[in-house]
Every structure is written in C-alpha cells, then in structure tokens.
Number of protein chains: 2
Amino acid sequence: MPRYGDEECCDMRGMLGFLILFLLSKKPMHGQEIADELAKRRGDKPSPGTIYPALKSLKYAGFLREEEKVGKTITYCLTPRGMKALHIAKRRFTRTFLGVLS
Amino acid sequence: MPRYGDEECCDMRGMLGFLILFLLSKKPMHGQEIADELAKRRGDKPSPGTIYPALKSLKYAGFLREEEKVGKTITYCLTPRGMKALHIAKRRFTRTFLGVLS
DNA sequence: TTAAGTATATAGGATATCCGATATATATAA
DNA sequence: TTATATATATCGGATATCCTATATACTTAA
C-alpha cells in the first residue's frame, strides 16, 4: 500500500481547478501560460492531457470563458460565476490551512 | 462530465495527509481529535473510513507513530521523518499558493 | 513548400482518495 | 448487567485526478 512516497505527504490532487481560477483572477491567460506558471509554483508542469481537460471542465461549469482566440491560442478569463466560486473556495482554503503559512 | 459542482472548484483531495501531519506537529492527538479539528477547519468531518486508513498509511510511511494507547484511544505523534516530510511539503505548499492568502 | 515549433484536443487507462457500511473493543451510565 | 457512547478498524467500491500517447491546427523559419 504505497500511499505516501519517500518524503512526500501531499500531492495536491484536487487543487488544480482552484489554482487555475486563482491564476486567471490575476490576469487572463491561455493554457500554456497557465501550465508554465504552475510549473514555477509546484515544481512540475502539468501535461497537456491534464491542463486542457481541466480548462474544459471549468468552462463547462461556467467558471471561465474564452476571452480571445488567435490561431490556436485561446485566452481564458473568469466569469462572475467563477469569481464567486473562487471567493468561496478561498474562504474555505484560508480557514482550512490557518497557521500553515507562518 | 460533472467535474465541478455548483459553486465548488476545489475538493482538497490529496491534502489529507499533509493536514494530519500539520495538526500533529502542533500537538499529539488521537484519530477523533484530528477528525474534529478537520471538521472545524474544512467544514465537514472526515468519516472513520477516511481518517483511520490515512493514519495507517502515514504510520506505514514512517511519518508518525503511536505515542500512547489507552483503551482504544491511540495518541499519535510525528517521527523525525514525518517532521522532515512536513517541512518539505510546507515549502512546496507555500510556493504553490503564494498570493492566495492575502 | 518543407520543416520545426507552439498550442490545443481527446481517448483510454492507471492510480489514489475518500466514503458508506459494518464490525469490534473499551468505558461509562443506568 | 444492560445500554449507550466513544474510538478504532477494514472491506469494497464510487469517483475523480492526472498522465501517456496520439492527433490536429496554426505560425514561422529555412
């Protein structure tokens, strides 16, 4: 039962949508920009098979929309619904991890 | 493809082990104490089928050990290995969620 | 007009998290 | 002693995340 690795206790599974909404709340971005920013933050870059289905699901949920499309490059931005979802998630996140960052 | 709920964008899946290690770094606790503290923080209490397998896996990984056992009540505490894993995870967590709490 | 680089897309599947249901053991109260 | 509450334990499975591999389309350079 190898649930935790050598020095790993946290794979952050389930936080991808939250992180994408957070990044888009700073500025509109396209898929590769988001993947690169996540690479800088987490240390590993999500693969195409990870990032694009996630964007699709968030769009399907009404949390983001295509702001601009130039060639194959699609820039996404938050919808009001996405901003609300992010706000709610932030509150929960803050309460849950109170004291972790200090 | 219902990946995100009505206003939910973040189920925090994959953070349970990290949270348990963090709580135990504050003080030794037993399973129910941990579950109750998580209930206060996240808003919902992890079920027995969630918390005990998680503790078992963290123990199996060498991140925590039984400090005391009185009746059925088992108090857990971090091992040096667990402290190191928590430290590493904290650094990654901090870098990943930089700017979310502010 | 090739060739190479960039960006997006999706199917299929491996893997892991987490929960519901259930069982057991201990402690306490009636 | 019976009943109740508390704490731990595990199986089986539903569910979701994420990756690998593959394909497509657009852009730019040679």
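Throughout, a chain's letter reflects where its sequence line sits, starting with A, and its residues are numbered from 1.
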Looking only at D/dA9, C/dC19, C/dT8, the nucleotide nearest the B/Asp44 side chain is C/dC19

B/Ser47 side chain: which of C/dC19, D/dT8, C/dA7 is closest?
C/dC19

Figure out the [atom1]/[atom2] separation between [X] and [N], and round it to whole Å.
| X | N | atom1 | atom2 | answer |
| --- | --- | --- | --- | --- |
| A/Ile34 | D/dC18 | CD1 | P | 14 Å |
| B/Ile51 | C/dC19 | CD1 | P | 9 Å |
| A/Gln32 | C/dG5 | CD | P | 15 Å |
| B/Phe18 | C/dA16 | CZ | C1' | 19 Å |
| B/Glu68 | C/dT26 | CD | P | 16 Å |
| A/Tyr60 | C/dA9 | OH | C1' | 18 Å |
| A/Leu38 | D/dC18 | CG | C1' | 13 Å |
| A/Arg42 | D/dC18 | CZ | P | 7 Å |

On DNA chain D, compare the nucleotides closest to B/His30 and A/Gly49; which residue's is nearer the 5' end?
B/His30

5′-ward residue of the pair A/Gly71/A/Leu16 relative to DNA chain D:
A/Leu16

For [X], which contact category applies under a 4.0 Å heavy-atom criterion: base, sugar-phosphate, or nothing?
| X | answer |
| --- | --- |
| B/Leu55 | nothing |
| B/Thr73 | sugar-phosphate |
| A/Met15 | nothing |
| A/Ile74 | sugar-phosphate |

B/Phe22/A/Phe97 aromatic ring centres below 6.0 Å:
no

Donor-acceptor pairs under 3.5 Å, side chain of residues 62-69 of chain A to any protein atom, not counting sequence neighbours: which ones?
from, atom 1, to, atom 2, distance (Å)
A/Glu66, OE2, A/Lys59, NZ, 3.2

Are B/Tyr76 and B/Leu58 close enough that some pair of their side-chain heavy atoms sits under 4.5 Å apart?
no

Close side-chain approach of A/Val70 and A/Thr75, heavy atoms under 4.5 Å:
no

Taking 4.0 angstrom as the limit, do A/Asp44 and B/Arg92 come out as a salt bridge?
yes

Check whether any side-chain N or O of B/Lys56 sits under 4.0 Å from OP1 or OP2 of D/dA9, and answer yes or no.
no

Any donor-acceptor pair under 3.5 Å joining the side chain of A/Lys72 to the base of D/dT27?
no

